[in-house]
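Take a look at the structure below.
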Amino acid sequence: MAEMFALALANLTSPAVLFFALGVFAGVARSDLAVPEAVAKGLALYLMLAIGFKGGVAVAEQGLTTTLILAALAGVVLSFSMPLIAFALLRIMTSLDRATAAASAAHYGSISVVTFVAGAEFLRLSGIASSGHMVAVLALMETPAILTGLLLAGSGAAGGDKRTRGELVREVMLNGSVVLLLGSFAIGMISGPAGMTKLEPFVVDLFQGVLALFLLDMGLVAARRLSGARRLGLGGVVFGLVMPLIGAGVALGVAVLLRLSVGDAAALMILSGSASYIAVPAAMRIALPKADPAVYLTLSLAITFPFNLTLGIPLYTALARAVLGG
Amino acid sequence: MAEMFALALANLTSPAVLFFALGVFAGVARSDLAVPEAVAKGLALYLMLAIGFKGGVAVAEQGLTTTLILAALAGVVLSFSMPLIAFALLRIMTSLDRATAAASAAHYGSISVVTFVAGAEFLRLSGIASSGHMVAVLALMETPAILTGLLLAGSGAAGGDKRTRGELVREVMLNGSVVLLLGSFAIGMISGPAGMTKLEPFVVDLFQGVLALFLLDMGLVAARRLSGARRLGLGGVVFGLVMPLIGAGVALGVAVLLRLSVGDAAALMILSGSASYIAVPAAMRIALPKADPAVYLTLSLAITFPFNLTLGIPLYTALARAVLGG
Amino acid sequence: MAEMFALALANLTSPAVLFFALGVFAGVARSDLAVPEAVAKGLALYLMLAIGFKGGVAVAEQGLTTTLILAALAGVVLSFSMPLIAFALLRIMTSLDRATAAASAAHYGSISVVTFVAGAEFLRLSGIASSGHMVAVLALMETPAILTGLLLAGSGAAGGDKRTRGELVREVMLNGSVVLLLGSFAIGMISGPAGMTKLEPFVVDLFQGVLALFLLDMGLVAARRLSGARRLGLGGVVFGLVMPLIGAGVALGVAVLLRLSVGDAAALMILSGSASYIAVPAAMRIALPKADPAVYLTLSLAITFPFNLTLGIPLYTALARAVLGG
Amino acid sequence: MARAVRKKLIAIVEVAHLNRLLELLTQAGVTGFTVVDARAGRGLEGEWDRADFNDATQKKLVHAITNAATAERVFEAAEPFFDRYPGIIYGQDVEVLRPERF
Amino acid sequence: MARAVRKKLIAIVEVAHLNRLLELLTQAGVTGFTVVDARAGRGLEGEWDRADFNDATQKKLVHAITNAATAERVFEAAEPFFDRYPGIIYGQDVEVLRPERF
Amino acid sequence: MARAVRKKLIAIVEVAHLNRLLELLTQAGVTGFTVVDARAGRGLEGEWDRADFNDATQKKLVHAITNAATAERVFEAAEPFFDRYPGIIYGQDVEVLRPERF
Ligand SMILES: Nc1ncnc2c1ncn2[C@@H]1O[C@H](COP(=O)(O)O)[C@@H](O)[C@H]1O
Ligand SMILES: Nc1ncnc2c1ncn2[C@@H]1O[C@H](COP(=O)(O)O)[C@@H](O)[C@H]1O
Ligand SMILES: Nc1ncnc2c1ncn2[C@@H]1O[C@H](COP(=O)(O)O)[C@@H](O)[C@H]1O
Ligand code: NA
Ligand code: NA
Ligand code: NA
């Protein structure tokens with residue numbers, strides 16, 4: 001218990017979380033501090049390349065196991081199903097229109113790469129590192145939720161556009177972040193430890209620093225999005241805090257069923273509790289242009305992400321430990 | 001003496017100075033070599049993050065001392081007062097209008113982060129490294145000069161704009177570079193050596209390389225600005241070479257009074273002798289839009305900065321040693 | 001023999017080549033994966049700075065030797081003369097107009113920095129690392145081909161523009177990539193091992209990672225350019241595959257004459273077999289605006305570059321070994 | 001000297017729908033266009049800014065010079081397009097060199 | 001078909017004064033605008049270039065389509081604005097779809 | 001209120017020829033201009049895109065507000081220019097504040 005508090009405190013005083021807080025502060029105080037768009041995108045590419053590659057190398061070293069296959073299945077099922085819960089809650093708790101509620105719900109089935117990355121680091125420091133293959137689970141969880149979101153939106157989706165649903169799915173599956181994550185994972189698997197020798201200073205040593213700079217920018221963006229919280233209403237804000245707990249809770253149940261290790265269980269909880277802010281918004285603008293982006297971006301970036309980064313991750317980890325021991 | 005010459009030579013043949021020279025050469029020869037704007041800004045963010053963070057960690061390890069408080073006070077006083085001397089000289093030596101002279105003077109009270117960084121490296125190689133807390137002094141010196149500049153400009157400042165002086169000061173204090181420097185410093189202090197373990201490969205190992213690339217770009221910019229030197233006239237150019245000597249000289253006097261260590265004295269001289277090229281120009285465009293930016297940017301970037309980088313730093317260090325021993 | 005196959009396979013499964021393949025895949029599948037322009041340019045600057053600097057330090061350590069002077073001479077002669085062969089072949093094998101054929105031919109006399117870099121890594125892994133001074137040869141080979149190209153284009157070049165040929169040559173020689181490469185080389189020579197101590201984590205440790213990210217982008221660009229292959233016709237495509245073999249073959253003959261080491265011979269073959277995609281296209285837009293850029297960019301980026309990266313480099317290395325022993 | 005007059009069309013469109021708009025232009029007969037990145041803006045849907053590192057709400061400006069008949073076809077096709085997707089389109093007369101190009 | 005006519009305003013303004021200009025537009029009744037980054041330029045104050053890594057002299061282009069009455073209010077408010085700050089503003093007629101938006 | 005009318009010129013030009021075009025403008029008497037980066041486009045020579053990390057085919061937009069006489073001089077000088085180099089130029093009337101500037 002005391003140890004968990006110490007870890008939670010270490011999380012809050014880690015450079016990554018503090019740089020996020022600095023970004024939020026600068027944004028709220030309306031400083032002109034800004035990370036150029038191209039640099040922010042470059043940092044995002046780096047993070048996805050590095051995380052995918054390291055995951056792939058880890059799997060190359062451990063081999064494909066049934067645990068991976070089970071965890072992957074669990075992830076896909078969670079991604080498909082969480083938007084159903086989120087949609088129901090949003091319809092009850094808020095007065096959002098159907099399209100916006102469906103689009104927002106899709107975000108909660110999918111995942112946030114940066115939340116996962118911060119969580120993986122926290123697990124490592126807690127001595128219960130998750131397996132490398134959880135990166136594959138992460139990549140697989142990115143897109144299924146989008147399909148559920150489209151179903152929930154009903155006939156309004158892509159309203160009358162001549163594009164078939166098939167084309168939509170193709171565009172969504174080929175989202176840049178999905179391709180880079182899965183591609184880097186595959187490259188890590190193929191080039192294995194020999195490849196790691198070459199890329200280690202790049203993908204491992206620099207990682208925490210790049211993450212800190214990226215989180216500074218995420219803080220700036222979150223602060224800008226905070227102004228959209230009024231549009232959400234109290235119901236919306238509460239949803240953004242409760243939904244990650246539900247996502248993580250359901251994932252814990254699944255992890256118990258599948259007898260995942262504590263680390264993998266916590267990682268699955270973090271994934272399930274996190275909300276997408278890159279792949280899903282892009283897909284929603286294509287498929288549901290009438291859904292209000294201010295709503296889902298505010299929910300995901302300005303409410304759920306900060307919650308997970310600061311409190312969610314230590315909480316999920318503590319729960320995983322309490323339930324699964326370790 | 002011979003040792004000082006050897007160090008000065010080592011300075012001139014260090015990659016950082018040589019990359020600056022390469023940039024100047026490419027610019028003067030009108031090569032199309034260019035560092036994309038977003039990359040240059042990204043490098044600047046990195047440098048401020050790294051320098052702030054390292055300074056903060058250093059203070060976390062050493063604790064807050066009276067020396068720091070004294071040096072900080074000295075820095076603030078120097079920043080407030082140097083523009084007075086600069087303004088008087090500019091009015092005597094050049095025919096610049098009042099607003100432009102006031103805006104230019106403000107640059108010389110404030111500081112140049114890159115000059116400080118190059119100087120800190122020089123001091124380290126000279127075996128008289130300055131304390132980590134000099135970064136805090138640097139951050140505190142950025143803005144006071146701006147206020148003096150506004151006072152000097154008189155009623156012309158913000159000419160008739162409805163903004164109150166209070167708003168102006170807020171905008172100036174929340175300049176992105178100030179926020180990032182002070183924020184990173186605070187993060188370094190809070191996360192301390194544990195934070196450093198995570199970020200070391202990023203903020204320490206890469207530093208010299210990023211600095212070299214940044215200096216390449218500064219060389220390109222300085223060369224572009226050189227064409228503005230005609231507008232300055234001989235008086236202006238001489239001012240740009242003499243003023244840093246005065247700034248450093250006054251700082252040396254202050255350092256003797258406060259009994260600073262040789263390293264800290266040299267660092268204070270470098271700060272006081274340097275001229276801002278990010279925070280102050282931005283503030284002057286807001287507060288004194290009628291002041292001619294070609295004048296102050298040329299002075300700061302194309303005259304004072306190259307002088308300090310190549311000759312000023314070794315000279316100030318030699319003076320500090322001669323006067324304070326060590 | 002078996003060893004060569006193992007090395008060729010290692011090449012194909014190296015992260016660099018795989019990231020290139022990922023880029024091609026993403027581009028062909030029309031994923032929206034993209035490296036921001038500014039980031040791609042920043043990576044290119046880094047690669048040229050790093051390769052130039054490392055080459056210069058290597059020469060500072062080894063000193064200027066007759067081998068270097070001979071190799072440099074050979075490189076310049078190859079650069080001047082290969083466009084003649086390329087032009088003749090293009091006129092026979094394709095129906096391109098004179099200006100486009102001349103512009104394309106110029107690309108094959110010049111060199112591709114990334115091909116060289118990938119080749120140098122391959123040679124290192126094969127245990128026959130080339131000398132540091134081959135970077136100087138590379139830099140010297142960039143521009144002579146452009147002059148030959150202009151001669152081949154005849155009076156059409158710069159058609160009626162008032163600029164003299166002298167101005168054109170100046171612009172070409174001051175191309176940003178040429179200046180940065182030669183400048184970094186000079187800085188490496190001047191600052192030597194002391195400079196390397198400072199920059200090593202930047203220019204050495206990160207190199208493979210940055211290269212991988214850059215190759216991802218090159219894959220994306222190559223895929224976009226592939227659509228231009230139709231315009232080339234079969235003759236053009238065959239030219240793009242045969243010409244590098246001819247370039248490498250001639251270079252091997254020269255290397256035998258000059259008694260270069262196996263590593264240097266292979267490096268010269270790689271340079272001669274590679275085609276420019278930065279300096280020469282830029283020069284051709286200035287000097288031969290009527291030549292079709294889709295043709296030469298497709299040839300260089302979408303045909304010759306992928307061929308060299310995957311098959312050419314191991315092949316040239318095997319040939320160099322077979323002929324020169326080692 | 002009186003120059004030939006052509007129509008300049010400008011559309012502001014979201015990045016996800018850019019390719020669809022360019023197809024629409026091409027099908028209407030537009031032979032040339034230039035795309036420019038927008039940086040920030042405000043419209044019916046509220047504000048957006050490129051600094052949001054998220055492409056979801058990024059906008060592009062598309063300029064195309066074309067003849068009057070083609071412009072009219074674009075306007076007709078654009079009506080349902082901008083019903084569905086965010087953005088605006090407008091036109092104006094411009095004087096051109098080499099009018100036969102457009 | 002004759003399209004409805006509205007006014008397009010374009011202002012070139014320094015980055016430090018952008019927010020003030022947008023406020024001016026909003027107060028005059030403008031409901032939509034799009035900002036574009038300028039790259040380089042020359043004016044009364046001399047030349048500037050984005051490559052100066054220094055935001056001090058960076059400029060932005062602001063486009064806004066609006067109705068004639070609002071445009072007139074903007075012009076009036078812009079006069080003292082551009083007396084104080086560097087930059088220019090100009091207007092032109094454009095044909096629009098969905099004129100009720102503006 | 002009726003505003004003074006001036007000419008706005010817009011040229012799209014390749015990055016390698018930008019300085020030549022600016023010189024041409026200056027020689028014709030243009031005193032101010034603003035350059036904007038284009039992102040992608042299509043013309044007689046086919047498509048191009050900035051993402052090609054290669055500057056060879058990058059384009060810039062040059063805007064310049066000037067008076068009618070200067071605009072005419074620019075058009076005349078631009079004819080041989082755009083015969084030789086890729087790109088287009090066109091003009092239109094705009095209403096300006098402070099007309100004596102242009
Ligand atoms: N009146 C306008 N003037 C200029 N740009 C506009 C205007 N209205 C909308 N826009 C641009 O078009 C985008 C989408 O508009 P909307 O569909 O109204 O949200 C906005 O974010 C602006 O960038
Ligand atoms: N006549 C013009 N045409 C186009 N842009 C201009 C013109 N005059 C000024 N500008 C732009 O507005 C900026 C500020 O102008 P100024 O206040 O005259 O220095 C210049 O740097 C240009 O980018
Ligand atoms: N009709 C047009 N409308 C807008 N931009 C054009 C048009 N034609 C050409 N351009 C732009 O000018 C560039 C060069 O044109 P071109 O010389 O026709 O290849 C193209 O790549 C476009 O960016
Ligand atoms: Na989730
Ligand atoms: Na100073
Ligand atoms: Na070659």
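Scope of the values below: all heavy atoms of this structure, side chains included, with no hydrogens, waters or symmetry mates. Quick note on labels: first sequence line is chain A, next is B, and so on, each numbered from 1.
Within residues 42-50 of chain F, the residues that have a heavy atom under 4.5 Å from a heavy atom of chain D are F:Arg42, F:Gly43, F:Leu44, listed by number.
F:Ile12 is not listed as a side-chain neighbour of D:His63, based on a closest heavy-atom distance of 4.5 Å or more. The closest side-chain heavy-atom distance from D:Arg3 to F:Phe75 is below 4.5 Å. Within the 4.5 Å cutoff, side-chain heavy atoms of D:Gln92 are placed close to those of F:Gln92.
Proximity to chain F (any heavy atom under 4.5 Å) is restricted, for D:Arg98, to the side chain, taken from C-beta onward. With a 4.5 angstrom heavy-atom cutoff, D:Ile65 touches chain F only via side-chain atoms. When heavy atoms are compared at a cutoff of 4.5 Å, D:Thr31 approaches chain F solely by way of its backbone atoms N, CA, C and O. Using a 4.5 Å cut-off between heavy atoms, F:Leu61 touches chain D through its side chain atoms alone. Looking at F:Lys7, the atoms closer than 4.5 Å to chain D (heavy atoms on both sides) all sit in the side chain, from C-beta outward.
Options F:Glu79, F:Lys8, F:Lys59 differ in how many heavy-atom pairs under 4.5 Å they form with chain D, and the most are formed by F:Glu79.
With sequence neighbours left out, F:Lys60 forms a salt bridge (charged side-chain N to carboxylate O under 4.0 Å, His left out) with F:Asp37.
Atom CG in F:Asp93 sits 10.0 Å away from atom CG in D:Asp93 (nearest 0.5 Å).
Pairing each heavy atom of F:Ala38 with each of D:Val36, the nearest pair is CA-CG2, 4.2 Å.
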